[in-house]
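All chains are named by letter (A, B, ...) in the order of the sequence lines, taking the proteins before the strands, and each is independently numbered beginning at 1.
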Amino acid sequence: MIKVLLRLPSARIALGVLLVIAVITVFGPVLAPYDPLQGSDLTLAPPSAGHWLGTDYTGRDVLSRILAGAPLSIVSTCQVAGIALVLGTIPGILSVYLGSVFEWVSLRLVDTLVALPFLVFAVAMTALLGNGITQAMIAVGLLVAPLFYRVARAATLTVARSQYVEAALLAGASTGWIVRRHVWGKVLPPIAITLATTLGVGLVVISSLTFLGIGVQPPTPTWGGILASDLDYLPQKAYAPVFPAVIILVTVLAFNMLADAIRDAAGQSGRVLVGARTAKANRARRVTA
Amino acid sequence: MSEPRPILEIEGLDVAFGRGPARKEALSGATLSLLPGEAVGVIGESGAGKSTLARAVLGLAPVTAGSVRVVGRDVARLSRRERREFGRSGVAQYVFQDPLRSLDPDQTVQAAVAEPLEIRGELNRAEIAAAVRAQFAAVELDESLLDRFPAQLSGGQRQRVAVARALVTAPRLLLLDEPVSALDSANRVRILQLLERLRATTDITLLFISHDLGSIAGVTDRTIVLHDGRIVEDGPTARVITAPEHPYTRLLVGSAPTLTSGAADRAVRARLRAELAAAQRSLAEAAT
């Protein structure tokens, strides 16, 4: 599937953008030209040769804050998505196979998680486990997990009742075999799409939590935090939120493009797509020859 | 000389779906025995219990009473582990009605045919590939199709792939659930000829389910007629078709369309229906 994926221009663009984001995540703090926490008298300055993206309300360099905020923003987002993915997908698939007791218990647990108020739960978790970003991300991940559970369960249910799974069961296949051979390939595309959406949502969630001082305490830079603080100074510098917003937007867009590409490249649709592209390329070659 | 041991023995089989007021008897008191090499047809209208009978043989239907023995093993009372072992033995195999739905769309047909052998895990990769190629040849499929996906094959080719998958474990009992009803007449004949050849070269036992008398007549030497979950007639196919005894079988045979005469006269069918209703009434009276 990876070969098919790389034949899609959208996948190549998305992976290129995500590679740049990954580099910023790893080397961002080193690349930052100024100390992201050190203020100056030059407040709300416009972009200049000294400060490419200008300065914020306490005179801190915006570019440095965006670069230094990358690790926390991206790593936390990945934590949320990773926790939700593992806690949601695995029980979601297994709920179809592990019998009615597991199915009933996991469904009720998921219903309970859906019913919990998001912010109250996050505050309670940080009060219980300490006010840290990881604790907050565990709380958020736990609350997003039902999304993965439902998507994985719905996709698995469709496959589990199919005749080819029945044929494999009649041949003596184990549950693990069925999941590996028949279920996983069909559950992966909707999961990938949910994952990309969650990664996007994760970035926005961090900004909400920063805004409320949960998990991340100012002046620690995060992309969402920069956006939230810039919004307070719109009369003085109307375009200030554009910079953090663009980087969040581009990252979320890249995740979504990758999810779409995975959906297109997976299974039968991927084969049809590649077949059509190969035929088109062959036609073009014939015309030029 | 002693009588050969039956491959399949069904005794007083009851199958019911649902509970309480929603409970529906799908099969009641079915008794049947299939000897090695026999080809038995099961005929009846939709909802008569034909597929339930086949599923019960594979241990997939909720058996409430009676027993189903395949090569001496009671498949209705197997544990999960025993059922897996029984499946891996490949003794009984099933061919579904719709080949497109019974083959994984994301799996090449080679992988689909190889799967039962891979699950069994006795052969290495090269041996499995050789077995798959041999099976492809046996069902008259070209080797160039091995890497195709089900959607890239015709309906007839797909059903032959499904038959190849069922035969790759060399089963002793093959259950075919309406295997030709989704096919055009040319492909129908090819599948029926394939089954004929299979019977001529092996001692495989066939349970052929169909609502089409023509297909049943072409493959089987004995026919069972199911009506409302009960076996109402069991006899040689030629006799069941030419001289049916039960009123329902007479209605079934009388309703079958033929090329020359079309369906039987409306008056004849009305008489047969009246005859069947009378038989059912007397049966109900006898029961009370």
Side-chain angles (χ1 to χ4, degrees), chain A residues 1-5 93-94 96-103 155-192 262-276 278-279, chain B residues 51 54-55 57-60 70 75 78 80-109 111-122 147-152 158 161-162 165-166 168-169 171 173-175 177:
Chain A
M1 196 183 87
I2 292 167
K3 264 188 194 165
V4 179
L5 192 66
I93 293 175
L94 292 180
V96 179
Y97 292 104
L98 289 190
S100 52
V101 175
F102 182 83
E103 187 181 22
T156 311
L157 271 176
T158 328
V159 185
R161 288 175 186 160
S162 63
Q163 290 183 350
Y164 50 85
V165 165
E166 207 162 60
L169 283 172
L170 286 174
S174 63
T175 302
W177 178 280
I178 301 281
V179 171
R180 278 197 313 276
R181 267 301 180 90
H182 300 288
V183 177
W184 190 236
K186 278 128 195 122
V187 175
L188 193 63
I191 291 292
I262 291 172
R263 186 201 55 207
D264 291 343
Q268 208 172 332
S269 59
R271 287 192 296 277
V272 171
L273 198 75
V274 169
T278 313
Chain B
S51 294
R55 293 177 74 80
V57 173
L58 295 161
L60 294 173
V70 178
V75 291
L78 294 180
R80 222 179 147 114
R81 176 187 287 250
E82 287 169 334
R83 194 177 302 282
R84 270 210 297 273
E85 279 167 14
F86 177 73
R88 285 175 194 185
S89 74
V91 168
Q93 290 290 357
Y94 193 82
V95 176
F96 294 89
Q97 178 179 0
D98 183 355
L100 190 57
R101 283 170 60 212
S102 70
L103 296 169
D104 188 337
D106 296 333
Q107 215 177 25
T108 62
V109 292
V113 177
E115 194 175 0
L117 294 178
E118 287 173 357
I119 292 169
R120 192 191 269 181
E122 284 173 357
D147 291 329
R148 299 264 184 99
F149 290 89
Q152 297 169 318
R158 278 198 286 264
V161 169
R165 176 178 61 184
V168 79
T169 57
L173 173 65
L174 184 63
L175 300 128
D177 191 356

note = One should read off an interatomic distance between A:Leu170 CG and B:Thr169 OG1, to the nearest 0.5 angstrom, of 11.0 Å
task = Would you mind reporting whether B:Tyr94 and A:Glu166 have side-chain heavy atoms less than 4.5 Å apart?
result = no
message = Show every salt bridge (charged side-chain N to carboxylate O under 4.0 Å, His left out) that has at least one partner inside residues 175-187 of chain A, sequence neighbours left out.
response = A:Arg181-B:Glu118, A:Lys186-B:Asp104, A:Lys186-B:Asp106
key: Residue pair B:Pro105 / A:Tyr164: nearest heavy atoms and the distance that separates them   = CD-CE2, 3.7 Å
task = For atom CZ of B:Arg88, decide whether the heavy atoms of other residues, nucleotides or ligands shown that lie under 6.0 angstrom number more than 12.
result = yes
key: Interface moiety of B:Leu117 toward chain A, non-hydrogen atoms closer than 4.5 Å   = neither
key: Atom group of B:Arg55 that falls short of 4.5 Å from chain A, counting heavy atoms   = side chain
Contact class of B:Arg80 relative to chain A, heavy atoms under 4.5 angstrom = side chain
note = With chain A, the option among B:Glu115, B:Gln93, B:Arg83 that has the most non-hydrogen atom pairs under 4.5 Å is B:Glu115
Proximity breakdown for B:Leu103 and chain A, heavy-atom pairs closer than 4.5 Å = backbone
note = In this structure, CG of A:Leu169 is separated from CD1 of B:Ile119 (nearest 0.5 Å) by 8.5 Å
